[in-house]
Protein chains: 2
Amino acid sequence: MKRNRISIKDISKALGLSNTTISFILNGKAEEMRISAQVAERVLAYVKEVGYTPNYLARGLVTGKTNTIGFIVENIGNPFFSQIASLIEEQAYNNGYKIIYSSTNGQTEKAVELIRMFRDRGVDGYIICPTEGLEDEIKQLREENRPVVLFDRYLPKIDSHYIGINNENAMYEACRHLANKGKKHIALITTDSQQTQMLSRLEGYKKLIKERNLNEYILYIPYRERKERLLSDFEEFLKKNPMIDSVCFATNYLAVGGLEVMRHRKIKIPTKISVLAFDDNEALRLFQPAITAVEQPLEDMAKLIIDRLLVDLKLGKVTDKTFHKELSAQLILRDSTEKA
Amino acid sequence: MKRNRISIKDISKALGLSNTTISFILNGKAEEMRISAQVAERVLAYVKEVGYTPNYLARGLVTGKTNTIGFIVENIGNPFFSQIASLIEEQAYNNGYKIIYSSTNGQTEKAVELIRMFRDRGVDGYIICPTEGLEDEIKQLREENRPVVLFDRYLPKIDSHYIGINNENAMYEACRHLANKGKKHIALITTDSQQTQMLSRLEGYKKLIKERNLNEYILYIPYRERKERLLSDFEEFLKKNPMIDSVCFATNYLAVGGLEVMRHRKIKIPTKISVLAFDDNEALRLFQPAITAVEQPLEDMAKLIIDRLLVDLKLGKVTDKTFHKELSAQLILRDSTEKA
DNA sequence: CTGAAAGCGCTTACAG
DNA sequence: CTGAAAGCGCTTACAG
């Protein structure tokens, strides 16, 4: 890189002042340091004229702050993550922070690597959608006083700020809606992952089934091979359980794949089977019939995540009392569960 | 931030060596500097033992390199951008680079701000989906020898690397398909933006219409108010032009909104009107009938973008000969244009 | 009110 | 083969 950028030294030399003075003025400490308004104005005008902007690397090296937040998602190509990313980015931007993001694709090794990489680059805070097995790494971040907020799921074995939704209740309410519509054979399509949000959704389903004294129909798609297995496993599952009159998909990609199967098999929705999905998106809204969905309050989540992170960031350390917040999701009723 | 991290100085002190030696070994220059294998091994072992990792800010300050690429999209929440982001991230990662991303939301001022922000943070290269009016900023980057690759659209007034698809041809072929199916009144729904990719798609449409001696039916949705105007404008457009027998949507969000309108008005696809969309995605695949779509080769684009950027990055300067590559898109035939 | 100087954690000519 | 020293561009006690 060419060393052609203007530095503070260039300014101080040009104006016959010291670096200290320039730095104070640039950082808005002119008054505090009782620098004359004249001098401050002259400096500011010159800075503007030559288009000087500070080197963040140098500043970061001495202050230890970079105004950057590391954001670790499962996969930025997934609409749930890309939408919340968009909102978090906006919130961060409004507060003077930038986002560096990366995807784990569900791999713990990748997640560990990303956290270390972020640390080496001096990010100020971390927003993490954790993979299983990330406990030690997160604990260490907290011990080093680096602000962390988990989202979407948490790690039960360790203490940490967390923002998500009340998954158990959301799934319970969703299934209750089906039961109230007279459904007797409600199936749940989920994954075999032990992520907390998935386990809670499973609990919500089981709670309702038990409460109404219904039969359980659960299909666990292997998380690792979800692409390959979903279509065939689901098709077989439907064949084996012809009495099923309604299906809940526990997360967005399961719903998309499942609907493809149902369309292919020409299963009438909701006449033959009612359908309900966790996580809303365009594809579900546009589907015919439109699919009833549990909508997460993405905007509120994004805001809470950033707000929470900012508290610790301002404080300069990790608050010992962890913040564990579960927002309510909303069930959006559409034709896939209504016209039965 | 606590100064509790281990530095090179700590290592050199502990091992009784100089910072220089440590640095050389760490940077794989041990052989080149003819440092004894013994010493190198001892250092590496110690580094591993104490878990030292270099401070990238400091390194960046002196080398001028940060191994970071700034990635500017229109909106990361848009599936087109989030998918290519996911692929670019992967490619970058494989080459030792990290991505910092941000969205412009189509605002030039925001784009300018982002570029400056990236520069201040010392990103090594830029991948930009440019807004209109960004010419000066891009030109300046190139003059400062900062590698830039534009994608999705380019800026005709300036020279720059660019990777996209052959939009004119893709739209021409798409419309030709409709005409070959016997459609006589083909409509194009597009925006009024002057972005090159949109203009080219328009050209492709016009070319086919002219060639076949058909009537033009073009609806321009104001880019700024696309959310509010799309539904009502499109509905009115359909009413005013009842002879329309097929519709091309020039980009993904137009298709999603337009399909909502058509479903609401209970227009039979493809019996009454055939439908075709630019940019493929889940919602279109799942729609009933499945929507014929122009699919961009996202993976190839991502690879070409990174490869191109790496060339300049390795070279350490901007190559004067600019690389302007347009890939071919593929028309994915589905029921929305087939069963007429 | 303002400046000289140290230091953040690295890399890299230069010297031996 | 290895080290002393300068320097990247900032911030910030400390001193006056």
Side-chain angles (χ1 to χ4, degrees), chain A residues 1-44 47 50-68 119-122 124 316, chain B residues 1-44 47 50-68 119-122 124 316:
Chain A
M1 181 165 312
K2 295 199 298 186
R3 302 253 170 256
N4 51 5
R5 270 181 69 183
I6 284 180
S7 73
I8 281 194
K9 203 151 65 172
D10 298 324
I11 300 175
S12 57
K13 209 177 290 171
L15 262 37
L17 292 165
S18 77
N19 297 348
T20 312
T21 305
I22 309 294
S23 176
F24 283 151
I25 294 171
L26 251 28
N27 287 300
K29 295 188 184 167
E31 278 201 41
E32 184 185 334
M33 293 298 156
R34 307 208 292 176
I35 290 165
S36 73
Q38 287 177 13
V39 172
E41 264 172 45
R42 196 156 62 98
V43 170
L44 259 13
V47 160
V50 297
Y52 166 82
T53 54
N55 178 320
Y56 276 68
L57 293 176
R59 181 181 281 179
L61 187 57
V62 17
T63 63
K65 298 280 161 229
T66 56
N67 281 295
T68 306
R119 180 181 351 203
D120 298 341
R121 284 167 199 251
D124 298 336
Chain B
M1 183 164 312
K2 295 198 300 185
R3 301 256 169 254
N4 50 5
R5 270 183 67 183
I6 285 181
S7 73
I8 280 193
K9 204 154 57 175
D10 299 321
I11 300 175
S12 57
K13 211 177 288 170
L15 263 35
L17 292 165
S18 76
N19 296 349
T20 311
T21 305
I22 309 293
S23 176
F24 283 152
I25 294 172
L26 252 28
N27 287 302
K29 295 188 185 167
E31 279 202 41
E32 183 183 335
M33 293 300 156
R34 307 209 291 175
I35 290 166
S36 72
Q38 288 177 11
V39 172
E41 263 172 45
R42 197 157 62 97
V43 169
L44 258 14
V47 160
V50 297
Y52 166 82
T53 55
N55 179 319
Y56 276 68
L57 294 176
R59 180 180 281 179
L61 186 58
V62 18
T63 64
K65 297 281 163 229
T66 57
N67 281 293
T68 307
R119 180 180 352 203
D120 297 342
R121 285 170 198 248
D124 298 336

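Quick caveat, the model's predicted, so the values are computed rather than measured. Note on naming: letters A, B, ... go to the chains in the order of the sequence lines (proteins, then strands), and numbering restarts at 1 for each one.
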Distance (rounded to the nearest 0.5 Å) between A:Asn19 CG and A:Lys13 NZ: 9.5 Å
Heavy atoms within less than 4.0 Å of DNA chain D: which residues of residues 21-29 of chain A have one? Give them sorted by number. A:Ser23, A:Phe24, A:Asn27, A:Lys29
State which of D:dG9, C:dC1, D:dG7 makes the closest approach to the side chain of A:Ala58. D:dG9
I need the CD1-P distance between A:Ile8 and C:dA4, as an integer number of Å. 15 Å
C:dC10 OP1/OP2 closer than 4.0 Å to side-chain N/O of B:Tyr52: yes
Exactly one candidate in B:Ile35, B:Leu17, B:Val39 meets side-chain contact (heavy atoms from CB on, under 4.5 Å) with B:Ile22; the answer is B:Leu17
Short side-chain N/O contact from B:Ser7 to OP1 or OP2 of C:dG9, under 4.0 Å: no
If you check every side-chain atom of A:Met33, which of D:dC10, C:dC10, C:dT2 has the closest atom? C:dT2
Looking at A:Thr53 and B:Asp120, would you say the former's side chain and the latter's main chain have a donor-acceptor pair under 3.5 Å? no
Distance check needed: C:dG9 C1' versus B:Tyr56 OH, whole Å only. 14 Å
With rounding to whole Å, what would you report as the distance between D:dT2 and C:dT11 at their C1' atoms? 16 Å
Under 4.0 Å, heavy atoms only, any strand: does A:Leu17 hit a base, just the sugar-phosphate, or nothing? sugar-phosphate
Nearest-Å distance, CG (B:Asp120) to C1' (D:dG9)? 13 Å
B:Val43 and B:Thr21, any side-chain heavy atoms less than 4.5 Å apart: no
Rounded to whole angstrom units, what separation is found between the NZ atom of A:Lys13 and the P atom of D:dC10? 13 Å
Under a plain distance cut-off of 3.5 Å, with no hydrogens placed, do B:Thr68 and A:Arg121 share a side-chain donor-acceptor pair? yes
Side chain of A:Thr20, base of D:dT11: donor and acceptor closer than 3.5 Å? no
For a quick test of reading the model, state the closest non-hydrogen atom pair linking B:Ser18 to B:Ser12 and the distance between them. C-CB, 3.7 Å
Name the stems with DNA chain C in them: runs of three or more consecutive Watson-Crick or G-U pairs, distances under 3.5 Å? C:1-3 with D:14-16, C:5-12 with D:5-12, C:14-16 with D:1-3
Rounded off to whole Å, could you give me the NZ-to-C1' distance for the B:Lys9 and D:dA5 pair? 13 Å
So which one's nearest nucleotide on DNA chain C is more toward 5', B:Asn19 or A:Ala37? A:Ala37
What is the distance from CG of A:Asn55 to C1' of D:dC10, rounded to the nearest Å? 7 Å
Backbone N/O of B:Lys29 and side chain of B:Asn27: donor-acceptor pair under 3.5 Å: no
Whole angstrom is fine here: how far is it from CD1 in B:Ile11 over to C1' in C:dT11? 14 Å
Kindly indicate whether the side chain of B:Tyr52, heavy atoms from C-beta on, has any atom under 4.5 Å from the side chain of B:Ile8. yes
From A:Leu61 CG over to A:Asn55 CG, what is the distance, rounded to the nearest 0.5 angstrom? 9.5 Å
The nucleotide from D:dT11, C:dT11, D:dT2 with an atom nearest the side chain of B:Arg59 is C:dT11
Return whichever of A:Thr53 or B:Ser18 has its heavy-atom-nearest nucleotide of DNA chain D closer to the 5' end. B:Ser18
How close or far is atom C1' of C:dT11 from atom CD of B:Glu32, stated in whole angstroms? 13 Å
Could you grab the distance from atom CD1 of B:Ile25 to atom OG1 of B:Thr20, nearest 0.5 Å is fine? 10.5 Å
